[in-house]
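Note sheet for the following structure.
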Amino acid sequence: MENVIEIKGLTKIYKALDFWKNDRVVGVKNIDLSVEKGEVFGLLGLNGAGKTTLMKLMLGLLKPTAGDVKILGKSIDDIEVRAKIGYLSELPYFPKYLKVREVMDYFAELLGLPQRSKKARIEEVLEIVRLGAKSDTSIKGLSKGMQSRLGLAQAILNDPDLLFMDEPMSGLDPLGYKETRDIIIDLNKRGKTIFFNSHILSEVEKICHRVAVIHKGFLIDVQPMKTAMKKFGSMEKYFVAKIKAGDKA
Amino acid sequence: MRRIAAVAEYIFKQSFRNKILNVLILFAVFAIGFSLAISELAREAEVKMVVDFGLFAISLFAFLTIVLSMTVQLFEETELKTLTLIIVKPIKRYEYILGKYLGMMMTVLMNILIMLVILMLIVKFRGGEPWDIKLIEASMYSFLSVAILASAAMFLSVVTTSVPGCIIFLISIYAMGHLTIHLKNLADKTGGAVVKAAVDLIYYVVPNLELFNMKDKINSSQALFDLNYLGLVLGYTSLYIIVMLVLTSIIFSRKEF
């Protein structure tokens, strides 16, 4: 099976915010990980464990201190690679004086969607995330959950081969959970790969093929979902056991 | 090109619909209108008074537009983290910088045009010549000075993430930009070698905004806006902006989010 994400010896050390910037803080250390095409991969960890740092390194938003990341077989700096991925940040924010359709049009232009099909694609995606009726509404008229759905809409606008989602359930109500889950499952059925960070273990349990646990910057475990469930019975038990083991190590 | 145009349009719409900037335009219109009241104090030179005050207001409010526009952008980029969703898209970082700069300049141009039209109406009301070419050229020089300041603002916005720090730096550049030529003249006449070197450094780094100051010359009968001078100013402006935007793009391409 083809690997769409390949990470080798990835390390990120931050300069601390003290005046002389002499202190160093480990973001992630010596991470080796690969994600296969067509997988839904869940990365679990406590707050500050390094989940977002790892995702930002994969997306090129942070530069690694050491190690290497390949996305779809190439560097993320390659424009062609970035045209094939989608990214949803945690609690995305959009300028409040713009309308939903204008925001989507902006992202469509950045993605270089063909002018002929752009409008239809925007409408299609807004329908998928249930914002079709809000397309002429200003962002300031959207609830937090609606803004999260708009974030999801821009992430899937280019029908990405690989979708990164940082806490995709943040700010959503239970119906939003289900809709996001359905979108992930639908994308995956069409052969897309999804990599996401989440605290919502019940959702991870429902949609992931494989899970990994990151703790204090170290990747301490990677398991197929079936194996983890068979051994621990639930994601919660699996997660707690791995964190405790990580603390002892 | 499509991506640069998209960013420019996005920044323009965002700035032009921002309530703070709209209030600023209202203040500018009010300030230019206020020149009517002031001109009552100088009965023999009403039009001169209106033009002087109007051009001062255009230059000041165009600068404030840049300060506020940059503040809004920087706040959204750093505090609300809007940039991450944009720069993971297939856009080169220098394209984003260029688009953002053009978007800011479109906002300033729109504001200057609005203020100029108001000023021309007031000049006409006071019995002056609204289509005086000098009035339009002086406004164009104001636009060029703000174009230079905007490039400096772009640079500051990538070297600091502190919004207040950025504003303070920009206001300092604005003030120093009007003083450097006088400082240089003074240092050349009276300063020692160290002072001269320090003043020279400031003179070449900080934009010389006095080049664009036409307020003192506008009422002169001489032909002030000759092509040689315009060419010199355009060359200086273009060079300064290119250097600033290249430096900004280099730093921005290395920046982490």
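What's counted below: heavy atoms across the whole structure, side chains too, no hydrogens, waters or symmetry copies.
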- prompt: Which answer fits B:Ser253, side chain, backbone, both or neither, if we ask what part of it has an atom under 4.5 Å from a heavy atom of chain A?
  reply: backbone
Chain A-proximal positions within residues 92-110 of chain B [heavy-atom distance under 4.5 Å]: B:Lys92, B:Arg93, B:Tyr96
task: Considering non-hydrogen atoms only, spot the tightest contact between A:Phe107 and B:Lys89 and give its length.
output: CD2-CE, 3.6 Å
message: Taking side chain as everything from C-beta outward and backbone as N, CA, C, O, which of these in B:Val7 sits under 4.5 Å from a heavy atom of chain A? Side chain, backbone, both or neither.
response: both
N/O donor-acceptor pair under 3.5 Å between B:Glu256 side chain and A:Lys63 backbone: yes
- prompt: Would you find a donor on one side and an acceptor on the other, under 3.5 Å apart, between the side chain of B:Arg3 and the backbone of A:Leu110?
  reply: no
- request: For residues B:Tyr10 and A:Pro95, report the shortest heavy-atom separation together with the two atoms involved.
  value: OH-CD, 3.0 Å
task: Check whether any side-chain heavy atom of B:Leu85 sits under 4.5 Å from a side-chain heavy atom of A:Tyr87, and report yes or no.
output: yes
A:Lys118 NZ: over 12 foreign heavy atoms closer than 6.0 Å: yes
query: If you draw a 6.0 Å radius around CZ in A:Arg116, do more than 12 non-hydrogen atoms from other residues or ligands fall strictly inside?
result: no
statement: The reported gap from NZ in B:Lys13 to NZ in A:Lys99 (rounded to nearest 0.5 angstrom) is 9.0 Å
- prompt: If you tally heavy-atom pairs under 4.5 Å against chain B, which of A:Lys96, A:Glu80, A:Lys84, A:Gln115 wins?
  reply: A:Gln115
task: Check the surroundings of atom CZ in B:Phe16: do more than 12 heavy atoms from other residues, nucleotides or ligands lie under 6.0 Å from it?
output: yes
- line: The single option from B:Thr84, B:Val88, B:Ile87 that satisfies side-chain contact (heavy atoms from CB on, under 4.5 Å) with A:Leu59 is B:Val88
query: Counting distance only, does the side-chain N/O of A:Arg82 pair as donor-acceptor with the main-chain N or O of B:Ile91 below 3.5 Å?
result: yes
